[in-house]
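The structure appears right after this line, and notes come after that.
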Amino acid sequence: MNDRFDSPPRELGVLFASEREIPAVATVLRDRIYARLRSTLGFAGPGGGGNSGWTGLSGAGIGAILAVLLGSGGVAFFAVRALMESSAGGAPFSSEGNPTDRAIEGRSSAAPSLASMESPSGPPRFRASASVGAGYRPAEDRFGGSAREQSVDAAQDAGLESPQWFGQRGVEPRRIAGRVLDSDGRPLSRASVSLEGILSAADGAFEQRALTGPDGGFDFGLVSAWTYVVTASVTGRRSAVVSIDLRGARWRSPGTAAALREPAGFRQHSG
Amino acid sequence: MTPGSVDEPTFRALYERELPYVLRTLQRLGVPASDLEDLAHEIFVVVYRRWGDYDSQRPLRPWLFGIALRTASRALDRRWRQAEVPVGNAALEMSAVSAGDAVAGVQDARDLLLRALAALDVDHRAVCILHDLDGQVAPEIAAVLEIPVNTVYSRLRAARQQLAAAVRRLQGEGK
């Protein structure tokens, strides 16, 4: 600012000073955008995922991605189950029976979103379901295999509009809670669980940490409708990671394993 | 470098260095937090494809700002919900939760400034951001925005007046 402008008024100068610093960007976000760039620009070869171990989320973009990092063959792994429910309530999450479907069916009007990964013993098989409520149909898919990483995502529906609550002030916060289980479905107590808000990156990374209780449970309480990464780790085991998007309207990833469809009449409901 | 000649390591280095600036600029331009990631991706696609247009004798960030401005303007035009408060609210709120009291004052100031900037039209906002936040000089701003230098001066003065008024109004609302 070395030209002939006067200095700004003092009140503005203070505000400008607070804003001039450019905060660092969270590694997860940086790598995720770059993975999309590599795909868009057609870069070939390795090197897209940076050093964070998130290469497998290439092309994830916005939207919900459910991913679990598995131990190599025979090594124990565990799963994170994360439940996002509106503050208005809904069926409590349970690891019994078939909680995914029940939870989705139990909350159809309060914009719930649920993501779950199951890791039964034996060959790795996964099941992931998600619903974003607010008029969207649940999406569900089952897949299995020996890949070290799987992702479920959704939907490049042309013309799919953001729901009304999409990342906006005044939107009901949702709850992120869940349990950490080992490969046999037993709860892991005192596992370290972190919650990272990805798009807080422009203002510095947001992170909360918790230890699981005797039942393997953790609860971060109500959080804004935004994108998050939940990571669970226990000494001597590989971490389990779930990336979840509480905005949840448009999902996409290379896997195209699940899809969300905008039902007829959605806009009437959303106002 | 052109799309056909740029090597990925070079592009990636530029990306990693400038991504924070691009995200911050989008916020300042009023892009909702929900759109930041998509637009940052879009901007760097343009950067890659139009690298041949960049004059390496000039500073990079004003050129990036020009791309960000056009990208953000298009995005804001097509947003279906015009009434949305164009500030990275979720990001700011989440930061405030984790930042602690010492940082809360800075966050409050940033929040206030971004809200006040939203009261300016995009022409005045762009000049204010480039000069008062990015520290660019008038000739550079004029080149980026393709306007006369004197127009830069007049817009900056008007922008500051409007901004100060918006700050006072917002501070009054908060009491």
Side-chain angles (χ1 to χ4, degrees), chain A residues 1-6 8-9 11-25 29-30 32-34 36-38 40-41 43-45 47-48 50 61-62 161-162 164 166-171 197-208 223-228 247 249, chain B residues 3 8-9 11-12 15-16 19-21 23-24 26-28 32-38 40-41 44-45 48-49 80-81 84-85 87-95 97-99 105-107 109-110 112-114 116 131-139 153 156-157 160 163-164 167-168:
Chain A
M1 285 176 283
N2 53 1
D3 48 354
R4 62 183 174 88
F5 290 122
D6 297 330
E11 60 190 302
L12 292 183
V14 173
L15 297 179
F16 289 154
S18 73
E19 171 60 18
R20 284 197 187 104
E21 181 185 356
I22 308 292
V25 172
L29 175 64
R30 183 199 68 192
R32 197 166 65 169
I33 297 175
Y34 195 74
R36 292 176 65 188
L37 282 169
R38 294 189 83 243
T40 303
L41 300 176
F43 290 147
I62 68 168
E161 297 277 9
S162 303
Q164 193 172 22
F166 198 86
Q168 295 173 22
R169 179 182 292 277
V171 170
I198 297 176
L199 275 187
S200 65
D203 289 279
F206 158 82
E207 186 174 10
Q208 289 186 34
V223 297
S224 300
W226 205 243
T227 55
Y228 298 91
R247 305 168 308 171
Chain B
E8 185 183 356
F11 177 74
R12 176 158 192 168
Y15 163 82
E16 293 193 354
L19 176 64
Y21 172 75
L23 289 173
R24 201 65 174 159
L26 289 173
Q27 276 196 314
R28 292 166 173 173
S34 55
D35 289 349
L36 288 177
E37 181 178 334
D38 280 351
H41 168 263
F44 279 100
V45 169
Y48 177 78
R49 291 178 174 161
W80 66 282
R81 181 174 171 81
E84 182 172 346
V85 178
V87 175
N89 298 316
L92 291 169
E93 287 166 1
M94 287 193 289
S95 295
V97 169
S98 61
V106 175
Q107 291 292 348
R110 284 177 169 169
L112 176 61
L113 180 60
L114 291 176
H131 186 272
D132 285 336
L133 298 176
D134 287 354
Q136 300 299 331
V137 296
Y153 294 138
L156 183 64
R157 291 193 187 93
R160 285 173 171 175
L163 197 60
V167 167
R168 286 192 291 271

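To find a chain, count down the sequence lines: A is the first, B the second, and so on, and within it residues start at 1.
One distance of note links CZ of B:Arg12 with CZ of A:Arg30; it measures 6.0 Å at 0.5 Å rounding. For the atom pair CZ of A:Arg38 and CD of B:Glu8, the computed distance is 4.0 Å after rounding to the nearest 0.5 Å. Rounded to the nearest 0.5 angstrom, B:Asp132 CG and A:Leu12 CG are separated by 8.0 Å. How far CG of B:Leu133 is from CG of A:Leu15: 10.0 Å, rounded to the nearest 0.5 Å.
B:Tyr15 touches chain A through its side chain: at least one heavy atom from C-beta onward sits under 4.5 Å away, while N, CA, C and O do not. Heavy-atom distances place both the backbone and the side chain of A:Ile33 under 4.5 Å from chain B. Only the side chain of B:Val167 comes within less than 4.5 Å of a heavy atom of chain A; its backbone N, CA, C and O stay farther away.
Using a 4.5 Å heavy-atom threshold, the side chains of B:Glu16 and A:Val25 count as separate. With a 4.5 Å cut-off on side-chain heavy atoms, B:His131 and A:Phe16 do not count as touching. Looking at A:Thr40 and B:Tyr48, their side chains never come closer than 4.5 Å, going by heavy atoms from C-beta outward.
Contact check on A:Glu19 versus B:Arg24 returns a salt bridge, with a Lys/Arg side-chain nitrogen under 4.0 Å from an Asp/Glu carboxylate oxygen.
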Worksheet item: So B:Phe11 and A:Leu41, side-chain contact (heavy atoms from CB on, under 4.5 Å) or not? Walk me through it.
Response: CA-CA 11 Å; B:Phe11 177 74; A:Leu41 300 176; 3.8 Å; yes
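B:Glu37 approaches A:Leu29 most closely through the heavy-atom pair OE1-CD1, 3.7 Å.
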